[in-house]
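The structure appears right after this line, and notes come after that.
Order of the sequence lines fixes the chain letters, A, B, ..., with proteins taken first and strands second; residue numbering starts at 1 for each chain. Bear in mind that the values here come from a model prediction, so they are computed numbers and not experimental data.
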Protein chains: 2
Amino acid sequence: MRLTRAGEYAIRCIMYLSYKGKGKLVSKKEIAAKCAIPTHFLSKIAQELQKAKILEIKQGPRGGFVLTKDPSELTLLEVIEAIIGEIYLNDCIARPEMCEASNICAVHKVWQKARRELRNILNSVTFDKLVKDPKCIPNFDKEI
Amino acid sequence: MRLTRAGEYAIRCIMYLSYKGKGKLVSKKEIAAKCAIPTHFLSKIAQELQKAKILEIKQGPRGGFVLTKDPSELTLLEVIEAIIGEIYLNDCIARPEMCEASNICAVHKVWQKARRELRNILNSVTFDKLVKDPKCIPNFDKEI
DNA sequence: CGGTTTTTAGATATTTTTACTCTTAAATGT
DNA sequence: ACATTTAAGAGTAAAAATATCTAAAAACCG
Ligand code: SF4
Ligand code: SF4
């Protein structure tokens with residue numbers, strides 16, 4: 001019950017793009033270096049984020065990624081679920097038909113609540129707030 | 001980011017034992033049948049639950065499992081973490097040294113909060129309450 | 001005591017997921 | 001045209017999940 005590496009990398013990538021600002025083009029190489037993400041893996045992650053309309057990919061020399069959403073409108077939950085899919089916590093929340101008891105099960109109700117709370121917390125945090133605290137991006141300022 | 005099958009099975013097993021009552025011996029075969037758990041897999045799960053002092057295993061004919069904790073003192077969180085280990089949600093919460101930014105990272109703080117809330121929710125539910133609602137154990141009453 | 005039943009505990013096996021990596025090709029600035 | 005940069009998808013290695021198998025131990029029964 002933990003976030004995958006791809007999810008964590010996606011957050012770091014968007015953190016860096018948010019720090020640079022919406023609409024600003026940043027090269028893949030730079031992001032990979034600053035955020036400690038394997039470059040080829042970053043490609044895969046960026047593709048998913050593009051599908052989710054969070055960023056746009058520009059090819060060619062001077063290519064890279066551009067954040068298309070305003071950091072103030074973009075939450076942790078959106079980025080995470082773009083990569084790992086919707087969070088459910090337990091299988092019977094995703095597919096209630098897998099357990100005949102799901103419509104009356106007391107445990108099921110706890111998972112529903114837990115899921116709602118977790119997603120609320122992750123959805124209440126926007127990237128503009130995250131990057132506003134300069135301390136949270138200690139090595140973004142360093143030269144590459 | 002979801003509970004493993006072993007975790008779900010553990011909850012069902014303890015649900016059934018709680019329904020039968022603390023100190024009551026129930027055979028493995030019966031639990032496996034009622035809770036739809038592969039019998040051999042149930043052995044492995046029971047071993048973990050015994051290590052966590054939640055139940056005791058009795059061998060021999062008329063053997064089985066006995067709940068050693070009072071259902072009112074036993075929470076969902078205890079049972080789950082006995083099987084899947086402590087919940088952390090993100091690697092850097094389990095091992096802050098894996099990311100140099102962890103002591104100042106704003107995202108890290110969100111995960112700390114999310115983890116605390118999730119564990120609180122799971123820890124606030126005891127098994128006596130779960131089994132008190134007769135509807136949550138629809139097929140426990142059926143004959144085997 | 002000896003046989004039968006029931007579970008143990010560890011080894012093994014299969015499948016799925018994770019976490020990358022490689023390769024070929026496409027896009028684009030100069 | 002050509003060099004640079006990324007795309008897209010196939011491929012792979014390792015880990016985790018999900019069981020299953022087997023030899024043996026425990027305990028009841030007659
Ligand atoms: S028993 Fe309850 S919690 Fe478990 S799978 Fe069924 S509905 Fe979900
Ligand atoms: S960047 Fe923040 S959230 Fe991500 S691993 Fe480091 S401390 Fe954790």
Just compare C/dT8, C/dG10, C/dC20 and give me whichever is closest to any side-chain atom of B/Lys44.
C/dG10

Among D/dT6, C/dT21, D/dT20, which nucleotide sits nearest the side chain of A/Phe41?
C/dT21

A/Leu25 has an atom CG; how far is it from atom P of D/dT5, in whole Å?
12 Å

With heavy atoms under 4.0 Å as the rule, sort B/Lys28 into base, sugar-phosphate or nothing.
base

If I take atom CD in residue A/Glu30 and atom P in nucleotide D/dT6, what distance separates them, rounded to the nearest angstrom?
10 Å

Would you say that more than 12 heavy atoms from the other residues, nucleotides or ligands in this model lie under 6.0 Å from the NZ of B/Lys109, or not?
yes

OP1 or OP2 of D/dA19 less than 4.0 angstrom from a side-chain nitrogen or oxygen of B/Arg5, does that happen here?
yes

Spacing between A/His40 atom NE2 and C/dC20 atom C1', to the nearest angstrom:
10 Å

Checking the side chain of A/Arg12 only, and the main-chain atoms of A/Cys35 only, is there a donor and an acceptor separated by less than 3.5 Å?
yes

Hey, which of these two, A/Met1 or A/Gly63, hits DNA chain D nearer its 5' end, going by closest nucleotide?
A/Gly63

If the threshold is 4.0 Å, N to carboxylate O, is there a salt bridge linking B/Glu86 and B/Arg115?
yes

Would one find a side-chain N or O of A/Ser43 under 4.0 angstrom from OP1 or OP2 of D/dA7?
yes

Rounded distance in Å - CG (B/Leu55) to P (C/dT7):
13 Å

Name the closest nucleotide to the B/Lys29 side chain, picking from C/dA27, D/dT18, C/dT6.
C/dT6

Going by atom types alone, do B/Thr39 and B/Lys28 pair a side-chain donor with an acceptor below 3.5 Å?
no

Return the 5'-most residue of the pair B/Asp91, A/Pro61 with respect to DNA chain C, ranking by each residue's nearest nucleotide.
B/Asp91

Pick the nucleotide of DNA chain C nearest each of B/Gln50 and A/Arg62; which residue has the one closer to the 5' end?
B/Gln50

A/Tyr9 vs C/dC20: side-chain N/O to OP1/OP2 distance below 4.0 Å:
yes

B/Thr4 has its side chain closest, among C/dA19, D/dA7, D/dA17, to D/dA17

Grab the CZ-C1' distance between A/Arg2 and C/dT18 for me, whole Å please.
8 Å

Between A/Leu49 (CG) and D/dA7 (C1'), how many Å, whole number?
15 Å

Provide, to the nearest angstrom, the distance between the CG atom belonging to B/Leu42 and the P atom belonging to D/dT20.
13 Å

Could you tell me whether a side-chain N or O of A/Glu48 sits under 3.5 Å from a main-chain N or O of A/Ile83, the two making a donor and an acceptor?
no

